[in-house]
Amino acid sequence: MRLISPAGRTVTGLADWPRPKKEYQWAPGRSAMEQARRWLSVGGPAMPPEIHTLLMSVEETRDLVIDDVIPEFVTSLPEAGEGRNHDILIRAHRRGFRITIGIEAKTDEPFDEYVGPRCLAAENRSPRTRVPMRTAKLLEHLFGRICDPQREPFCSLRYQLVMAAAACAAQAHRDRADRAVFVVHEIPTWKCKSAKLTQNHRDFAEFIALVFGGASADVTDGQLYGPILLSSVGYTRTPVLLYAGKASSAFVAEWRPNVISAGSPAESQ
């Protein structure tokens, strides 16, 4: 397993872990830094056990050989606007097929806005906005048909979940992988509010229920759902099987970083 930056440089500790887009997000108790600490908790790069458990929940993602782990990897999308920033992108293989895993790390931050209000707010700011069109394209990729982002049931989905899952499948296509896994990695810390964690789980469960079928009440942590087959309707010209699930770590108690350098003891506290 190689833990590398998007530029291909080896990552050995917190000091050279690629930073999120906004510097304030790199802080103890918040998702970017806590995710990095989970991957470096044994003194070197290693998959967190909760993600391993999630991948072991279905036959086709068990016993993967991990090739590359890339924090802060960006997948560009055809429509104008920013690409999808995966908190971690993993490239792996197993028994003759390739798999791409996109991870969204969360403490208690929301999954962005709901799709419907987000589109409406963009239209109110500018009649020429492309946000509704871009959102409709993401939904079309996931559902295989034309979707109106301002109508039920799509308007009640969180935008970040829609974009992350669609972009994960798009990246799998570019990686020549025929399977994609979208993972939410929840890391509850002393800075989290229980009401926000509950809301995030509800939003994620409703997303899984709508995209993969079933009832949102049955969605549990540590279980992958799917697959669904994404074809040439959206961003992929060849079929990609998409799975999704949520992995939750143990509670992270308050800690204070010492002077952090590559390989320092502070990284494994």
Side-chain angles (χ1 to χ4, degrees), residues 1-4 6 8 39 45 47-48 50-79 83-105 134 136-147 157 160-185 204 207-214 219 221-247:
M1 181 179 81
R2 298 193 312 161
L3 178 56
I4 58 176
W39 281 86
M47 179 179 287
E50 60 271 19
I51 294 180
H52 178 264
T53 297
L54 179 68
L55 295 175
M56 290 291 287
S57 68
V58 298
E59 173 61 31
E60 288 196 327
T61 56
R62 291 175 185 165
D63 303 319
L64 296 178
V65 177
I66 305 300
D67 300 313
D68 295 327
V69 177
I70 312 171
E72 301 298 331
F73 185 94
V74 177
T75 295
S76 60
L77 297 172
E79 290 76 32
R84 157 64 183 164
N85 197 97
H86 307 273
D87 290 325
I88 286 182
L89 186 85
I90 300 173
R91 295 188 176 112
H93 69 276
R94 177 183 185 266
R95 298 178 187 174
F97 64 81
R98 298 176 181 175
I99 186 164
T100 294
I101 303 169
I103 298 179
E104 173 67 28
R134 178 180 173 87
K137 188 68 174 178
L138 292 167
L139 291 167
E140 180 184 2
H141 182 47
L142 287 180
F143 292 95
R145 64 184 189 272
I146 301 299
C147 303
L157 295 174
Q160 191 177 62
L161 293 172
V162 172
M163 184 182 193
C168 183
Q171 186 60 47
H173 172 72
R174 295 175 193 178
D175 293 342
R176 298 184 179 180
D178 51 10
R179 288 164 176 79
V181 179
F182 167 52
V183 174
V184 171
H185 187 190
F204 180 75
F207 170 81
I208 292 295
L210 185 59
V211 175
F212 295 94
V219 174
D221 293 357
Q223 176 64 52
L224 280 179
Y225 295 89
I228 56 171
L229 181 65
L230 305 185
S231 63
S232 57
V233 171
Y235 298 140
T236 59
R237 292 184 295 277
T238 55
V240 171
L241 290 171
L242 175 67
Y243 300 80
K246 180 156 75 81

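Residue numbers count from 1 along this sequence. The structure presented is a predicted model; accordingly, all values stated were derived computationally and were not measured.
Put simply, the side chain of Arg94 never gets that close to the backbone of Asp63: no donor and acceptor are under 3.5 Å apart. Side-chain atoms of Asp175 never come within 3.5 Å of backbone atoms of Thr100 as a donor-acceptor pair (strictly under, hydrogens ignored). Side-chain atoms of Ser57 never come within 3.5 Å of backbone atoms of Gln223 as a donor-acceptor pair (strictly under, hydrogens ignored).
Counting heavy atoms from C-beta outward, Ile146 and Glu140 have side chains that approach closer than 4.5 Å. Contact annotation: the side chain of Leu55 approaches that of Met47 to within less than 4.5 Å [non-hydrogen atoms, C-beta and beyond]. Within the 4.5 Å cutoff, the side chain of Val219 has no heavy atoms near those of the Phe212 side chain. For the pair Ile101 and Ile51, the minimum side-chain heavy-atom distance is 4.5 Å or more. When side chains are defined from C-beta on, Val181 does not count as touching Leu54, because their heavy atoms never get closer than 4.5 Å. The closest side-chain heavy-atom distance from Pro45 to Trp39 is not below 4.5 Å. A heavy-atom distance below 4.5 Å is not found between the side chains of Pro6 and His86.
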Evaluate side-chain contact (heavy atoms from CB on, under 4.5 Å) for Leu161 paired with Val211, printing each intermediate quantity in order.
-> CA-CA 11 Å; Leu161 293 172; Val211 175; over 6 Å; no
Can you list the steps and then say if Glu72 with Asn85 is a side-chain contact (heavy atoms from CB on, under 4.5 Å)?
-> CA-CA 6 Å; Glu72 301 298 331; Asn85 197 97; 2.7 Å; yes
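Ala169 and Ala180 make their closest contact through CA-CB, 3.9 Å (heavy atoms, listed as atom of the first residue, atom of the second, distance). Closest approach of Arg91 and Gln171 over heavy atoms only: NH2-NE2, 3.7 Å. Contact between Glu50 and Ala247 at its shortest, heavy atoms only, is O-CB, 3.5 Å. Nearest approach of Cys147 to Leu139, heavy atoms of both residues: CB-CB, 3.7 Å. Of all non-hydrogen atoms in Phe204 and Lys246, the two that sit nearest each other are CE2-CB, 3.6 Å. Here the shortest heavy-atom pairing between Tyr225 and Ile208 reads CG-CG2, 3.7 Å.
Put simply, CD1 on Ile88 and CG on Asp68 are 12.5 Å apart, with the number rounded to the nearest 0.5 Å. The line from OG1 of Thr61 to NE2 of His52 is 9.5 Å long, rounded to the nearest 0.5 Å. Distance CD1/Ile90 to CE/Met1: 8.0 Å, rounded to 0.5 Å. The distance from the OG1 atom of Thr75 to the CE atom of Met163 is 9.0 Å, given to the nearest 0.5 Å. Here Leu241 contributes atom CG and Ile99 contributes atom CD1; the two are 9.5 Å apart, rounded to the nearest 0.5 Å. Considering CD of Glu104 and NE2 of His185, their distance stands at 12.0 Å, rounded to 0.5 Å.
Using cut-offs of 30° and 60° on the angle between ring planes, the pair Phe207 and Phe182 is perpendicular.
Applying the salt bridge (charged side-chain N to carboxylate O under 4.0 Å, His left out) rule to Asp178 yields no partners; only residues at least two apart in sequence or on another chain are considered.
In summary, of the residues considered (Arg95, Arg179, Arg98), a salt bridge (Lys or Arg N to Asp or Glu O under 4.0 Å) with Glu60 occurs for Arg179 alone.
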